[in-house]
Amino acid sequence: FFQAEDGIRDPLWSRGLGDVYKRQLYNLFIWMEENQFLGVAIYVAIGVPWITICLPGSLLTICAGIIFKQTFGWVGIFIAWFAGIINHFIAGQLSFFIARYLLYGILRRCFQGNKILTSIEAAFKTNGYNLSFLLRFAAFFPYMAVSYIHLTSPTKAQVQILVVAVAL
């Protein structure tokens, strides 16, 4: 609290304990103004794995909206929103393919003959589009978890791409 008065911190920058973070945020804004395209590309590069491992994408999008609004003005909020959609679309496809091609065989061997997985697979065979849309819009499932739920289903990649594109 008294760090600026005691000469520990610069009185111009010091406003208490949060001045270190304020300075880092200020430096981030300056860097974003100098490297606008690279900043958006880094946001997408961070966002895809972030969302793929089921961390909340809305938190990342809100932070990007704050940073991009400072850099681009009000257009920055639209840029953050659109980049967030790109993040979710790519992460949705990536998690679907991870689930389908890397985890499907493991799950089949572990739960072979399981009645629940067999019934889920049968339901997706008959109503694949309907169940995919319903799961994607259900608020009680995390967004990327739905792509991993498709791991047990025979849903085709075209259906997954269409459902994610419409849902976003």
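Values below: every heavy atom of this structure, side chains too, minus hydrogens, waters and symmetry copies. This is a predicted model, so every value here is computed, not measured.
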(Q) Connecting only ILVMFWY residues whose side-chain heavy atoms lie within less than 4.5 Å of each other, what is the rest of Ile62's hydrophobic cluster? (A) Ile66

Q) Given the rule that I, L, V, M, F, W and Y join up when any side-chain heavy atoms are under 4.5 Å apart, are Phe37 and Val75 in one cluster? A) no

Q. Say you draw a straight line from CD1 of Ile51 to CG of Leu60; how long is it, rounded to the nearest 0.5 Å?
A. 6.5 Å

**Q.** Closest non-hydrogen atom pair, Val44 against Ala83
**A.** CG2-CB, 4.1 Å

Q) For the residue pair Gly92 and Ser95, what are the closest heavy atoms and their distance? A) O-OG, 3.1 Å

Q. What is the distance from atom CD of Gln36 to atom CD1 of Ile79, rounded to the nearest 0.5 Å?
A. 8.0 Å

Q: Search all heavy atoms of Glu33 against all heavy atoms of Gln70 and return the closest pair with its distance.
A: OE2-O, 4.3 Å

**Q.** Pro56 backbone acceptor or donor facing Trp50 side chain under 3.5 Å
**A.** yes

Q: Report, as yes or no, whether the 6.0 Å neighbourhood of atom CZ on Phe97 holds more than 12 heavy atoms from other residues, nucleotides or ligands.
A: yes

Q: Find out whether Leu38 and Trp31 are in side-chain contact, i.e. whether some heavy atom of one side chain is under 4.5 Å from a heavy atom of the other.
A: yes

Q | Closest approach of Ala80 to Thr61 (non-hydrogen atoms, all atoms of both residues) | A | O-CG2, 3.9 Å

Q: Taking side-chain hydrogen bond (donor to acceptor under 3.5 Å, both in side chains) as the test, write out the residues that go with Thr52, two or more places apart.
A: none

Q. So do the side chains of Asn87 and Tyr43 get within less than 4.5 Å of each other, counting heavy atoms only?
A. yes

Q) Do Phe68 and Ile46 belong to the same hydrophobic cluster, where Ile, Leu, Val, Met, Phe, Trp and Tyr are linked whenever their side-chain heavy atoms lie under 4.5 Å apart, directly or via other members? A) yes

Q) Is there a chain of hydrophobic side chains (I, L, V, M, F, W, Y, each step under 4.5 Å between heavy atoms) that links Leu102 to Leu94? A) yes

**Q.** Single-linkage hydrophobic cluster, 4.5 Å side-chain cutoff, Leu28 and Leu59 together
**A.** yes

Q: Check whether Ile77 and Phe29 end up in the same hydrophobic cluster, where Ile, Leu, Val, Met, Phe, Trp and Tyr are linked by side-chain heavy atoms less than 4.5 Å apart.
A: no

